[in-house]
Amino acid sequence: MTVFFGIRQFATAALAALCLQAPARAEEISVTQWGASLYGAPYAVAMEKGLFKQAGIDITGIIGSGGGGTTVRNILASTTPYGEVAVSAALAAKAQGIDLVIVNTGTRSVAEASMVTMPTSDIKSVEDLVGKKIAITSPKSVSEMLFLMVLREKGIDQSKVQRVAAGGYVPALTMLEQGAIVGSVLIEPLAIIRKDKYRTLYKAGDILKPMTTSVGITTRKFAQENPEKLKAIIAGRRAGVQAIYKDPAETAKIIEKLYKLEPAVAKEAVDNMIGPKMWSEGEFNIAELNRMVEGLRLIGEVKNDVDWSQVLDKSFLPADLQAKQ
């Protein structure tokens with residue numbers, strides 16, 4: 001089987017006994033934006049430390065996934081249709097009539113996103129962008145959404161700042177260096193790798209409140225027929241999150257190896273996400289989910305309010321997480 005993912009110990013006595021009786025079948029997983037973002041860190045840590053096995057499922061490998069609709073299609077094609085995807089991808093699939101259910105929260109911070117300018121630029125604040133050109137990755141992307149949310153937070157009319165679609169973070173930086181724009185969106189760990197070349201204008205996490213950025217989804221059929229496997233996946237990931245916060249230095253070493261990063265870059269990338277608590281243990285926070293919906297509404301990806309009671313199913317979470325709102 002293949003599990004697709006776009007990333008406190010939990011194991012009941014019954015599940016532990018089951019694991020002793022029959023070893024879990026080895027499986028591979030796919031993490032959205034694997035190697036490009038830190039969404040997948042809990043899965044990397046859980047695999048390295050054997051935490052999935054302890055939870056009752058043997059995850060042995062990572063398959064990269066670019067995210068969005070591609071990840072959702074991969075999930076649906078898998079014999080084990082569970083995945084961690086962007087909230088926008090989950091809601092889009094739901095709107096298309098796909099019988100999906102959100103079963104846990106993945107990440108809940110935009111602390112990895114920022115905007116940079118050249119060191120000699122006279123752009124010193126978000127207000128200085130009025131009447132200027134900046135680069136986003138693509139229209140209706142997360143990069144555009146976060147930028148529009150920053151403008152709204154600062155009380156700036158979005159029509160006053162021209163947005164240019166660069167096609168990616170690296171092309172956007174090239175445009176910045178060539179003087180075609182005055183600011184470029186950026187994301188870690190690329191922002192850390194290139195931090196000596198640019199000046200950070202703002203970090204999104206310093207301006208915007210926490211919001212749910214990724215969620216775990218599955219089909220209702222799989223959830224109904226494989227509840228214990230689903231609980232084990234969620235529990236293993238949760239244990240990985242707890243391990244990250246308990247020992248960030250060890251996490252950095254794991255990320256360094258799996259993401260092929262320089263030690264200093266891996267350490268800074270992980271440390272930067274500890275304070276804002278990027279990784280959720282899995283519980284749902286309706287306020288943080290609604291903040292993401294507000295952002296998606298700004299880029300036209302969502303038209304109406306979301307009735308979360310029709311989308312979420314917290315019954316596969318550990319009991320203590322089910323009690324949280």
Straight-line distance of D99 CG to K94 NZ, nearest 0.5 Å: 5.5 Å
- request: Look at K195 together with E268 and state whether they make a salt bridge at an N to O cut-off of under 4.0 Å.
  value: yes
message: Check whether E144 reaches the backbone of K140 with its side chain - one donor and one acceptor, N or O, closer than 3.5 Å.
response: yes
- prompt: If you count the non-hydrogen atoms of other residues, nucleotides and ligands that lie under 6.0 Å from NZ in K124, is the total more than 12?
  reply: yes
- prompt: Side-chain contact, heavy-atom cut-off 4.5 Å: N104 with I234?
  reply: yes
message: Can you give me the closest heavy-atom contact between R291 and P210, atom names plus distance?
response: NH1-O, 2.7 Å
field: Working for side chain to side chain contact (heavy atoms under 4.5 Å, CB included), residues E177 and Y198
entry: CA-CA 9 Å; E177 294 172 6; Y198 314 108; 2.4 Å; yes
- request: Give the intermediate values and the outcome of side chain to side chain donor-acceptor pair (under 3.5 Å) for residues T212 and T105.
  value: CA-CA 7 Å; T212 303; T105 294; 4.7 Å; no
field: Cationic N near anionic O, under 4.0 Å, E250 to K49
entry: yes
- line: One should read off an interatomic distance between I255 CD1 and E48 CD, to the nearest 0.5 angstrom, of 10.0 Å
- prompt: Is a donor on one side and an acceptor on the other found under 3.5 Å between the side chain of R199 and the backbone of S121?
  reply: yes
- prompt: Heavy-atom distance under 4.5 Å between the side chains of L321 and K314, does that happen here?
  reply: no
message: What I want to find out is whether E301 reaches R297 closely enough, with some N-O distance under 4.0 Å, to be called a salt bridge.
response: no
message: Please check: side-chain N/O of S138 versus main-chain N/O of A165, any donor-acceptor pairing under 3.5 Å?
response: no
field: K203 with E112: basic N within carboxylate O range, under 4.0 Å
entry: no
message: For a side chain to side chain contact (heavy atoms under 4.5 Å, CB included) check, start with the C-alpha distance between I244 and W279, then their side-chain angles and the critical distance, and finish with the verdict.
response: CA-CA 9 Å; I244 289 174; W279 302 280; 3.6 Å; yes
statement: One should read off an interatomic distance between E228 CD and I233 CD1, to the nearest 0.5 angstrom, of 11.5 Å
Minimum side-chain heavy-atom gap V130-D157 below 4.5 Å: no
- prompt: Can you tell me if CD on E127 sees more than 12 non-hydrogen neighbours from other groups inside 6.0 Å?
  reply: yes
query: Could you give the distance from CD1 (I187) to CG (L38), rounded to the nearest 0.5 Å?
result: 8.5 Å
Step-by-step side chain to side chain contact (heavy atoms under 4.5 Å, CB included) determination, Y259 to V265: CA-CA 11 Å; Y259 282 49; V265 172; over 6 Å; no
- line: Separation between NZ (K133) and CG (L176), nearest 0.5 Å, reads 13.5 Å
message: Rounded to the nearest 0.5 Å, what separates atom CE in M292 from atom CG in N285?
response: 12.5 Å
Minimum side-chain heavy-atom gap L129-I134 below 4.5 Å: yes
message: Is there a side-chain contact between V164 and M175 in this structure, where contact means two heavy atoms from C-beta onward sitting under 4.5 Å apart?
response: yes
- prompt: Taking side chain as C-beta onward, heavy atoms only, is N290 less than 4.5 Å from W308?
  reply: yes
field: Donor + acceptor pair across side chains of T200, S114 (<3.5 Å)
entry: no
For S141 against I299, the heavy-atom pair lying closest together: O-CD1, 4.0 Å
message: Please determine whether side chain to side chain contact (heavy atoms under 4.5 Å, CB included) holds for the pair V150 and M145, giving the CA-CA distance in whole Å, both sets of side-chain angles, and the decisive distance to 0.1 Å.
response: CA-CA 9 Å; V150 167; M145 181 194 79; over 6 Å; no
field: Polar side-chain atom of D128 near backbone of S125 as donor-acceptor pair, under 3.5 Å
entry: yes
message: Does this structure show an ion pair linking R237 with E281, if we count only N-O contacts that are shorter than 4.0 Å?
response: no
message: Could you report the tightest heavy-atom contact between T251 and A243, atom names first, then the distance?
response: OG1-O, 4.0 Å
message: I'd like to check V161 versus K132 (side-chain heavy atoms, cut-off strictly below 4.5 Å). Are they in contact?
response: no
- request: Compare every heavy atom of S109 with every heavy atom of M278, then report the nearest pair and how far apart it is.
  value: CA-CB, 3.8 Å
task: Side-chain contact test, heavy atoms from C-beta onward, threshold under 4.5 Å: evaluate it for V185 versus T137 and give yes or no.
output: yes
field: Geometric cation-pi criterion, K277 with Y245: 6.0 Å, 45°
entry: yes
field: Exercise: identify the closest heavy-atom pair between I217 and A90
entry: CG2-CB, 3.8 Å
query: Taking all atoms of both residues into account, what is the closest heavy-atom pair of Y169 and L186, and its distance?
result: CD2-CA, 3.7 Å
E256 with K267: basic N within carboxylate O range, under 4.0 Å: no
- prompt: Using 4.0 Å as the upper bound for N to carboxylate O, is an ion pair formed by D320 and R238?
  reply: yes
